[in-house]
Amino acid sequence: MTDFQKKVVYEIYPKSFYDTTGNGTGDLKGVIAKLDYLQKLGVDYIWLTPFYLSPQNDNGYDIADYYSIDPSYGTMEDVELLIAEAKKRNIYLMFDMVFNHVSTESIWFKKALAGDSKYMNYFFFKDGKEGNKPPTNWQSKFGGSAWQYVKELDKWYLHLFDVTQADLNWENPDVREEVKNVVRFWMQKGVKGFRFDVINLISKSAFEDDFSSIGDGRQYYTDGPRIHEFLQELAQNSFAKDIDIITVGEMSSTTMENCYKYAGKNTGELTMVFNFHHLKVDFMGNEKWVLVPTDFMKLKHILFDWQINMTEHDAWNALFWCNHDQPRVVSRFGSDDKYHDVSAKMLATLIHLLRGTPYIYQGEEIGMTNPHFKSIEQYRDIESLNHYKILQDKGMTEKQALMILDVHSRDNARTPMQWNNTENAGFTTGTPWISPATNYTKINVENNLADENSIFYYYQKLIQLRKQLDVIAYGDIKPLLFEDNKVFAYERNYKETKLIVICNFYPINYEIELPYDLTGYKCLLNNYQIDIKNKKIALKPYETAVFCNL
């Protein structure tokens, strides 16, 4: 397999990256236009979120045709040119594969609605309960029932997400063959990576009411009974035959024990996994739409737990703070204002030097923040719009509901990439599909590239360090100051090399004492101008420093 431990992946949400047509929506030619920028950053793979034919009810994650390009993004020729131009720069493409569900506009679902028994078996059509009630009490991830009634068939179909996203029946061998064909098609185009959306939900165990404490049905479809069999079959019949391909599975509400198999070195499934446990530390249990303080010690315990146990089981993590579904990390765990620069660099250091493959989400490398929208009219995300209504139905005021969206909405990540200080952040000459954050005049690519101490160049150094130091790619991990409630610190060890990473997670001055002094260590990276040489270290707000015994 390719030396994936030294690779870095950059996620692009094409709709918000760069618009070359002036229609307000980013496109594939926009990605091509910015390849030199990504080469300068130093990334190895570009993960593109879906650009296939879609009604765009869930921003492309409702795919109508896996083999066609949505005209709003461009053409198949654009895709082929992007693959070729990226390869010239030693960058490879990772495509998003959404195989838990398809759009209700897909030909498969349309044939099912017409009563074609072959295609009805591609989905989960069930009889309702007496009184024309849904087959089970399962809840959609986007709110409301996970079942939709079809009058013409007198049956209900399952949609764990939006009502226009019908779940595929992986128990059907024909469905599994269709999926393999899609992967093989894109491999033949030269795609060298695949990201599998909510892939651990594809094996449904039973269709029963959920009376558990959570009660939304997830116990019957999360990490289901045939999931490892399905993934091994998919791998063996497609990407396992190409040693240069890396794969990552998005694992919804997964368990670590299952991830040992999903991303185990010799289990024959995936290269690595995304898990989201560390990004629920500002939730109330599993409830996202609340305002609670970040539980730093919980964050610390979760990250180290996954790091240590995945290492022991020879399984591989994907490392990330941000993606198209998560708020901007500098707004979430850092500082939007006074300590913007140093907190962004600290958060980057913390995540990039852990054991795993780092993922950078567009704009993260320049410190983009949440946009702090002032009205519901500025939001576009279907999940956010649904929950805005749900929160008010629960008795909240519009202002209270907006405060929660300001913190947790997926649109926080989906505002236009901030290229320069011209109108609309240089994203489009037209009217953008969603408004940019108003701070684009200060926080943008042009300003970052002009400042040698910028967040961009800090990310560039982190990427270079991974390629230069085997300890980052291959070393084990040991927590330091584990019970300290302000500092996240750890050491990485590989052969004779030791790396020490220290991160002050808070905007305070704070003194720590390491278990050994740093005499003889070199400071490789820091976000303040410092030179620490002893055991006691007086950390400044959000300070981070990386030391090596080389």
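None of the values given here were measured: they were computed from a predicted structure. Just so you know, these numbers use all the heavy atoms, side chains as well, and skip hydrogens, waters and symmetry mates.
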Below 30° counts as parallel, above 60° as perpendicular, anything between as tilted: where do the rings of [X] and [Y] land?
X: F296; Y: F488; result: perpendicular
X: W47; Y: Y359; result: perpendicular
X: W186; Y: Y52; result: tilted

Just checking, is any N or O donor in the side chain of [X] or [Y] under 3.5 Å from an acceptor N or O on the other one?
X: N309; Y: D305; answer: yes
X: S253; Y: R218; answer: yes
X: D19; Y: T25; answer: no
X: T271; Y: W316; answer: no
X: S454; Y: D451; answer: no
X: S409; Y: N412; answer: no
X: Y457; Y: E365; answer: no
X: N493; Y: K498; answer: yes
X: S384; Y: D411; answer: no

So, the side chain of [X] versus the backbone of [Y]: is there a donor-acceptor pair under 3.5 Å, distance only?
X: S335; Y: D337; answer: yes
X: T422; Y: A425; answer: no
X: N504; Y: I508; answer: yes
X: T311; Y: D476; answer: no
X: N448; Y: F456; answer: yes
X: Y490; Y: I500; answer: no
X: R355; Y: Q307; answer: no
X: S331; Y: T369; answer: no
X: H277; Y: I302; answer: no

Please determine if [X] and [Y] form a salt bridge, counting it only when a charged side-chain N lies under 4.0 Å from a carboxylate O.
X: K192; Y: D242; answer: yes
X: D36; Y: R89; answer: yes
X: R195; Y: D197; answer: yes
X: K189; Y: E80; answer: yes

Mind running side chain to side chain contact (heavy atoms under 4.5 Å, CB included) on D223 and L201 for me, showing each step along the way?
-> CA-CA 6 Å; D223 300 322; L201 308 186; over 6 Å; no
Centroid separation under 6.0 Å, is that true for the rings of [Y] and [X]?
X: Y474; Y: Y494; value: yes
X: F320; Y: F274; value: yes
X: Y66; Y: F99; value: yes
X: Y10; Y: Y37; value: no

Picking from [options], what satisfies side-chain contact (heavy atoms from CB on, under 4.5 Å) with [X]?
X: P416; options: T428, N424, I434; result: I434
X: P50; options: F95, Y73, Y13, Y61; result: Y61
X: L28; options: L81, I12, V79; result: V79
X: D44; options: M94, K6, R466, K467; result: K467

Flag yes if more than 12 heavy atoms outside [X] fall under 6.0 Å of its [atom1] atom; otherwise flag no.
X: E257; atom1: CD; answer: yes
X: K87; atom1: NZ; answer: no
X: K29; atom1: NZ; answer: no
X: M297; atom1: CE; answer: yes

Let me see the working for Y542 and F505 under ring-ring contact (aromatic ring centres under 6.0 Å, His included), right down to the final yes or no.
-> CA-CA 5 Å; Y542 293 116; F505 209 78; 7.6 Å; no
How far apart are the closest heavy atoms of [X] and [Y], and which atoms are they?
X: A263; Y: M272; value: CB-CA, 3.7 Å
X: S203; Y: F230; value: CB-CE1, 3.9 Å
X: W321; Y: A348; value: NE1-N, 4.4 Å

Can you list the residues that meet the salt bridge (charged side-chain N to carboxylate O under 4.0 Å, His left out) rule with [X], with sequence neighbours excluded?
X: K34; value: none
X: D58; value: R410
X: D282; value: R332
X: K288; value: E383

Tell me the ring-ring contact (aromatic ring centres under 6.0 Å, His included) pairs involving residues 235-260, sequence neighbours left out?
->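 The answer is F196-F239, Y260-H313.
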Measure the spacing between CG of N549 and OG1 of T497 and express it to the nearest 0.5 Å.
->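 It is 6.0 Å, given to the nearest 0.5 Å.
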Roughly how far, to the nearest 0.5 Å, is CG of N439 from CG of N444?
->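 The CG atom of N444 sits 9.5 Å away from the CG atom of N439.
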Derivation of the side chain to side chain contact (heavy atoms under 4.5 Å, CB included) call for S252 and N200 | CA-CA 7 Å; S252 173; N200 66 319; 3.9 Å; yes
Got I91 and Y45 here, is their nearest side-chain heavy-atom distance under 4.5 Å?
->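 Side-chain contact under 4.5 Å: no.
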Before giving the answer on side chain to side chain contact (heavy atoms under 4.5 Å, CB included), spell out for V273 and T254 the whole-Å C-alpha distance, their side-chain angles and the decisive distance to 0.1 Å.
-> CA-CA 10 Å; V273 288; T254 190; over 6 Å; no
Steps toward side chain to side chain contact (heavy atoms under 4.5 Å, CB included) verdict (V8, T357) | CA-CA 6 Å; V8 176; T357 297; over 6 Å; no
Check against salt bridge (charged side-chain N to carboxylate O under 4.0 Å, His left out), K345 and D341 | CA-CA 6 Å; K345 291 173 179 175; D341 180 89; 3.0 Å; yes
Please, which pairs that meet side chain to side chain donor-acceptor pair (under 3.5 Å) have at least one residue in residues 506-515, sequence neighbours excluded?
->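 Qualifying pairs, neighbours excluded: D484-Y510.
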